Amino acid sequence: MFGRSNNDQIIRMKENAHIQLNKLTKSYQEGTKSRSVLDDLELSVKEGEMIVLLGRSGSGKSTLLNLVSGIDKPDSGQVVIGGTNLAGMDENSRTLFRRKNIGFIFQSFNLISTLTALENVLLPLKLKGDSDASAEKKAQQFLDEVGLGDRGDSYPDRLSGGEQQRVAIARALAHEPMLILADEPTGNLDYETGKTILDILNKSVRENGRTIILATHDRDICEIADRVVELRGGKLEQVEPAEFAK
Ligand SMILES: Nc1ncnc2c1ncn2[C@@H]1O[C@H](COP(=O)(O)OP(=O)(O)OP(=O)(O)O)[C@@H](O)[C@H]1O
Ligand SMILES: [Mg+2]
């Protein structure tokens, strides 16, 4: 089903790649046993591409996004983003790089419970050095965009799962990162809300030339992707449009 030519194509894109994953390997230690999750994985992503990352539960999608964002470090291999190799940096430098360049939408939202919705969206803008007035205006604008303009004063525990996810999306988009990593961004949303969120993410790529890697179980999402890859056995395989529906 997945011929050699597919993997050749993944590798061939290296020349003007914006994100380059080289021989990425990651395993987790459990007691005395080591379980391999990613095995010599390769991927090239061009600037402005929208990549959908498919894979069954436990296949390693979150693990891979955590390595691309620099939240976690590979056992070996390189994560090169815009010419910078994250795997070679210490944790502090990776955090600063992420804060500046990457918007991460977590599978479990990761909102700060002691901050209101608006303050959660404001935080990355302030960390980036925006003035108070400009940050507040932008944060409100992005809350409006995800349909939560009137919930800025609510704390996360007063919001439904889908609402928290939308705040997390506003937070990831607000500081206008060059790369957005989205881990199951529509997993907790009803069909209509999920569609709205995907439209916002898609618009953000098309209008601003941002790059997105979006992990999902949902093959319907593949429609909006420029390219679909699937994690199997620790490696990525390209999925052709005819395969989406299966
Ligand atoms: N911190 C950890 N310690 C040990 N094992 C881990 C850890 N994180 C993930 N794993 C294991 O690595 C594998 C991949 O997990 P991961 O969360 O990346 O999968 P996933 O594709 O995102 O799954 P899902 O679709 O359910 O979110 C799983 O078998 C999981 O148990
Ligand atoms: Mg996951």
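First listed ligand is number 1; within each ligand, the first listed atom is number 1. Any value given below was found using the heavy atoms of this structure, including those in side chains, with hydrogens, waters and symmetry copies removed. Note that the structure is predicted; figures quoted are calculated from it, not measured.
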A.B. asks: Any idea which of Asp183, Thr63, Asp72 brings a heavy atom closest to atom 15 (O) of ligand 1?
C.D. replies: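 Result: the heavy atom closest to atom 15 (O) of ligand 1 is in Thr63.
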
A.B. asks: Do any N or O atoms from the side chain of Thr116 and from the backbone of Ser154 form a donor-acceptor pair under 3.5 angstrom?
C.D. replies: no

A.B. asks: Keeping to residues at least two apart or across chains, list the ring-ring contact (aromatic ring centres under 6.0 Å, His included) pairs with something in residues 70-117.
C.D. replies: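 Sorted result for residues 70-117: Phe104-Phe106.
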
A.B. asks: Purely on distance, is any nitrogen or oxygen of Glu30 under 3.5 Å from one on ligand 1?
C.D. replies: no

A.B. asks: Got a donor-acceptor contact below 3.5 angstrom from the Gln107 side chain to the Asp183 backbone?
C.D. replies: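 No: the side chain of Gln107 does not pair with the backbone of Asp183.
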
A.B. asks: Regarding Ser62, does it place an N, O or S atom less than 2.8 Å from the Mg ion (ligand 2)?
C.D. replies: yes

A.B. asks: Suppose we measure from atom 6 (C) of ligand 1 to each protein heavy atom; which comes out shortest, and what is that distance?
C.D. replies: Tyr28 CD1, 3.3 Å

A.B. asks: For atom 25 (O) of ligand 1, grab the closest protein heavy atom and report residue, atom and distance to one decimal in Å.
C.D. replies: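 Checked against all protein heavy atoms, atom 25 (O) of ligand 1 sits closest to Lys61 NZ, 2.7 Å.
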
A.B. asks: Quick test of your reading of the model: are Arg206 and Asp226 salt-bridged, counting only N-O distances below 4.0 Å?
C.D. replies: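 A salt bridge is present here (some side-chain N lies under 4.0 Å from a carboxylate O).
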
A.B. asks: Should one rank Gly58, Gly55, Ser36 by closest heavy-atom distance to atom 20 (P) of ligand 1, which comes out on top?
C.D. replies: Gly58

A.B. asks: Please state which protein non-hydrogen atom is closest to atom 17 (O) of ligand 1 and give its distance, to 0.1 Å?
C.D. replies: Ser62 CB, 3.7 Å

A.B. asks: Quick one: does Gln29 get within less than 4.0 Å of ligand 1, heavy atoms only?
C.D. replies: no

A.B. asks: Is ligand 1 under 4.0 Å from a heavy atom in the side chain of Val37, in the backbone, in both, or in neither?
C.D. replies: side chain

A.B. asks: For ligand 1, which is the ligand I care about here, please tell me if Gln107 has any N or O atom under 3.5 Å from one of the ligand's N or O atoms.
C.D. replies: yes

A.B. asks: Could you tell me if the side chain of Asp72 sits less than 4.5 Å from the side chain of Thr63, heavy atoms only?
C.D. replies: no

A.B. asks: With a cut-off of 2.8 Å, does Gln107 put an N/O/S atom close enough to the Mg ion (ligand 2)?
C.D. replies: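 Of the N, O and S atoms in Gln107, at least one lies under 2.8 Å from the Mg ion (ligand 2), which means yes.
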
A.B. asks: Which part of His217 is near ligand 1, with near meaning a heavy atom under 4.0 Å away: side chain, backbone, both or neither?
C.D. replies: side chain

A.B. asks: Check for a donor-acceptor pair, side chain of Ser69 on one end and backbone N or O of Ile71 on the other, with a separation under 3.5 Å.
C.D. replies: yes

A.B. asks: Would a 4.5 Å heavy-atom cut-off, applied to side chains only, mark Asp39 and Lys26 as touching?
C.D. replies: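 Heavy-atom side-chain distance check fails, nothing below 4.5 Å.
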
A.B. asks: Could you find the nearest protein heavy atom to atom 30 (C) of ligand 1 and give me its residue, atom name and distance?
C.D. replies: Arg35 NH1, 4.1 Å

A.B. asks: Measuring only between side-chain heavy atoms, which start at C-beta, is Leu189 closer than 4.5 Å to Ile197?
C.D. replies: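 Yes, side chains in contact.
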
A.B. asks: What protein heavy atom sits nearest atom 26 (O) of ligand 1, and how far away is it?
C.D. replies: Ser57 OG, 2.6 Å

A.B. asks: First locate atom NZ of Lys73, then atom CG of Asp90, and finally report the distance between them rounded to the nearest 0.5 Å.
C.D. replies: 8.0 Å

A.B. asks: If only atom types and distance count, is the side chain of Asp75 paired as donor or acceptor with the main-chain N or O of Ser27 below 3.5 Å?
C.D. replies: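 Judged by distance alone, yes, a pair lies under 3.5 Å.
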
A.B. asks: Relative to the heavy atoms of Arg56, which atoms of ligand 1 are at a distance of less than 4.0 Å?
C.D. replies: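 With Arg56 as reference, the close atoms of ligand 1 come out as 21 (O).
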
